[in-house]
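Only one structure is covered here, and it is reproduced in the block below.
Each chain gets a letter, A, B and so on, in the order its sequence line appears, and its residues count up from 1.
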There are 4 protein chains.
Amino acid sequence: MPSSGASPNLAGMGDLGKLAERLREFAAAREWEHYHTPKNLVMALAGEVGELVAEFQWLTAEEAASIMDDPQAGRRVRAEIGDVVAYLVRLADVLGIDLLEAAEAKLAESERRYDPARYRGVYRKAPPLE
Amino acid sequence: MPSSGASPNLAGMGDLGKLAERLREFAAAREWEHYHTPKNLVMALAGEVGELVAEFQWLTAEEAASIMDDPQAGRRVRAEIGDVVAYLVRLADVLGIDLLEAAEAKLAESERRYDPARYRGVYRKAPPLE
Amino acid sequence: MPSSGASPNLAGMGDLGKLAERLREFAAAREWEHYHTPKNLVMALAGEVGELVAEFQWLTAEEAASIMDDPQAGRRVRAEIGDVVAYLVRLADVLGIDLLEAAEAKLAESERRYDPARYRGVYRKAPPLE
Amino acid sequence: MPSSGASPNLAGMGDLGKLAERLREFAAAREWEHYHTPKNLVMALAGEVGELVAEFQWLTAEEAASIMDDPQAGRRVRAEIGDVVAYLVRLADVLGIDLLEAAEAKLAESERRYDPARYRGVYRKAPPLE
C-alpha cells in the first residue's frame with residue numbers, strides 16, 4: 001500500500017500491524033479511544049472469549065471437532081473468533097506489545113521446558129525453567 | 001525459509017501462518033495432537049485469558065494504563081498475551097479459520113453497523129445489520 | 001417442605017441444596033443430564049461469566065459502582081449473575097462439592113495467608129502457605 | 001451468633017449471607033475495600049473461573065467426569081471453586097444482589113422458556129420470552 005498517504009509506514013507492517021492500524025482508525029473515527037483502556041479491552045477480550053466458549057459448551061468432542069461443517073455454527077464461530085482477534089490486536093496495540101514476538105517467545109520457552117522425549121504423548125505441567 | 005524442506009510453502013504464508021506451522025510442529029514432536037481438539041483449545045484459550053485478566057484486576061484505570069512501565073508486571077502481561085495468541089492461532093489452525101480474514105470481516109461489519117456520526121463519543125449497542 | 005414427597009430430605013438442605021435439587025429436576029424433566037458433564041458445565045460457567053464481564057467492560061469505575069441504579073443495566077446484571085449461580089450450583093452438584101464448605105476453606109486459608117497488619121491497605125500476592 | 005454485636009442480624013441470614021459477612025470482615029480487616037469495586041470483582045471472578053477451566057482443559061469427557069476421584073486434582077478443583085464462590089458472593093454483596101433470588105428468577109424463566117415436551121433430550125436455544 002505504498003501510495004495510501006495516510007500511513008506511510010504501512011508497507012513495513014505485517015498483517016497484524018495493518019489490522020491494528022485499521023482498528024485504531026475505527027476507534028478514532030468514532031472518538032471511542034477513551035473506552036479502549038487496557039483494563040476495558042482485557043474485559044472485552046474475556047467477554048468475547050466467553051461467547052466463543054459458549055458455542056462449544058454443549059457439543060460432544062466429536063460434534064465440536066466438526067463444527068465448521070455446520071454452516072450456521074461455523075459462521076458464528078468465525079464471527080466470535082474475529083471479535084477475539086480484534087480485541088486482542090487492539091489491546092496489544094494500546095499496550096505496545098508485538099503479538100507475534102510475545103507468542104514466539106512463549107513458544108520458545110515451552111520448547112525448552114517440555115522435552116519431546118520426556119513428555120511424549122502425555123501432558124503434565126513441567127516445572128518452571130530455572 | 002526456502003530451504004527448510006519440511007514446509008515448502010512456508011514462504012507464501014503470512015506471519016500467523018508461520019506461527020501456526022511452528023505450533024503444529026511443537027504438538028507433533030510431543031505427540032500432543034490428541035489434546036488439541038477444538039473444545040480443549042477453546043478451554044485453554046479461556047484459561048489463559050483468565051490469567052491475563054488477573055494481571056489487571058486490582059489495578060486502577062491509571063495503574064493499568066501504565067502497566068508496561070513496570071518491568072515485572074510488563075513481563076507477565078507479555079507472557080500471558082503470548083499464551084493467548086498461541087492458543088488462538090492453534091485453535092484457528094485446527095478449525096481451518098483464517099484469523100485475519102475473520103477479524104477483518106467482523107471489523108467491516110462493525111464499520112457499517114456503527115455510523116461514525118451517529119455513535120460519536122458514546123458507545124451503545126447498535127441493532128444487528130439487516 | 002415436609003409434604004413434597006419427591007425429596008424427603010429437602011428440609012435438611014440449605015438454600016443452595018434446594019436450588020441444586022431444583023436444577024436437577026429441571027435437567028431431568030428435559031432429559032438434559034447428558035449435557036451436564038463437568039467439562040460442559042465449566043464451559044457454560046465461563047460463558048456466563050463472560051456475559052457478566054461484558055456488562056461492565058465499557059463503564060468507568062464510577063459508572064460500574066452505580067450500575068444497579070440503572071434499571072435496565074441492573075436487570076441485565078442480575079440476570080447474568082443468576083445464570084452464573086445456576087451453572088456453578090449445578091457444576092458443584094455434579095462434582096459432589098459443597099460450595100459453602102469450599103469457599104469457607106479457601107477463605108480460612110486466605111485469612112492465615114494474609115496477615116492483616118502486614119498487608120494493610122496494599123494487596124500483593126502472598127507466598128503459598130507452608 | 002447472637003452476641004457478636006457487630007452483626008445483630010446474622011442469625012436471620014442464610015448461609016450465603018453469613019459468608020458475605022465474613023468476606024466483608026476479611027476485606028475490612030485488611031483495608032482492602034477500595035479494591036473491591038464491581039469492575040474489579042467481576043474481573044477477579046473471571047480470573048478464577050479461568051483457573052477452574054484450566055483444570056479441565058486437557059481431560060477427556062470421561063476423565064473430567066471422575067476428576068474428584070483423583071485426590072490432587074480434586075483438591076485443586078475444590079480450591080478453585082471455593083475462590084469462584086468467594087468472589088461471586090463478594091460481588092453480589094457489593095452490588096446488593098441476592099444470589100439465590102437471582103438464580104431462582106432465572107431458573108423460573110428457563111422453566112417457562114423450555115417446555116419439557118418440546119425440548120426433551122435435545123437442547124437448542126429457545127426464543128426469548130415475550
Whatever's closer than 4.5 Å to a heavy atom in chain C on D:Ala27 counts as neither
Most contact-rich option vs chain C, by heavy-atom pairs under 4.5 angstrom, among D:Val84, D:Thr37, D:Leu59, is D:Leu59
Would you say the side-chain atoms of D:Tyr35 pair up with the backbone N or O of C:Tyr123, donor to acceptor, closer than 3.5 Å? yes
If one checks every heavy atom of C:Arg22 against chain D at 4.5 Å, the contacting part turns out to be both
**Item:** CZ/D:Arg124: more than 12 non-hydrogen atoms of other groups inside 6.0 Å
**Value:** yes
Max heavy-atom pairs within cutoff under 4.5 Å with chain C, candidates D:Leu91, D:Val85, D:Asp98, D:Val77, goes to D:Val85
With chain C, the option among D:Ala29, D:Ala86, D:Gly121 that has the most non-hydrogen atom pairs under 4.5 Å is D:Gly121
If one checks every heavy atom of C:Phe26 against chain D at 4.5 Å, the contacting part turns out to be side chain
Greatest number of non-hydrogen atom pairs under 4.5 angstrom with chain D, of C:Trp32, C:Tyr114, C:Tyr119, falls to C:Trp32
From the list C:Val122, C:Asn40, C:Thr60, the residue making the most non-hydrogen contacts under 4.5 Å with chain D is C:Val122
Counting heavy-atom pairs under 4.5 Å with chain C, the top scorer among D:Leu95, D:Leu45, D:Leu19, D:Asp115 is D:Leu95
When the 4.5 angstrom heavy-atom criterion is applied to C:Ser110 and chain D, the contacting part is both
Under 4.5 Å to a heavy atom of chain D? For C:Val49 that would be side chain
To the nearest 0.5 Å, atom CD of D:Glu62 lies from atom NZ of C:Lys39 at 9.5 Å
Counting heavy-atom pairs under 4.5 Å with chain C, the top scorer among D:Glu55, D:Met43, D:Glu31, D:Arg30 is D:Arg30
Note: vs chain C, highest number of non-hydrogen pairs under 4.5 angstrom among D:Gly74, D:Pro38, D:Ala92, D:Ala46 is D:Pro38
Applying a strict 4.5 Å limit to non-hydrogen atoms, the region of C:Ala54 in contact with chain D is neither
Whatever's closer than 4.5 Å to a heavy atom in chain D on C:Ala79 counts as both
Presence of salt bridge, C:Glu101 and D:Arg78, under 4.0 angstrom:
no
Taken to the nearest 0.5 Å, the spacing of D:Asp15 CG from C:Leu99 CG works out to 11.0 Å
Cut-off 4.5 Å, heavy atoms of chain D, and the answer for C:Gln57 is backbone
Cut-off 4.5 Å, heavy atoms of chain D, and the answer for C:Val94 is neither
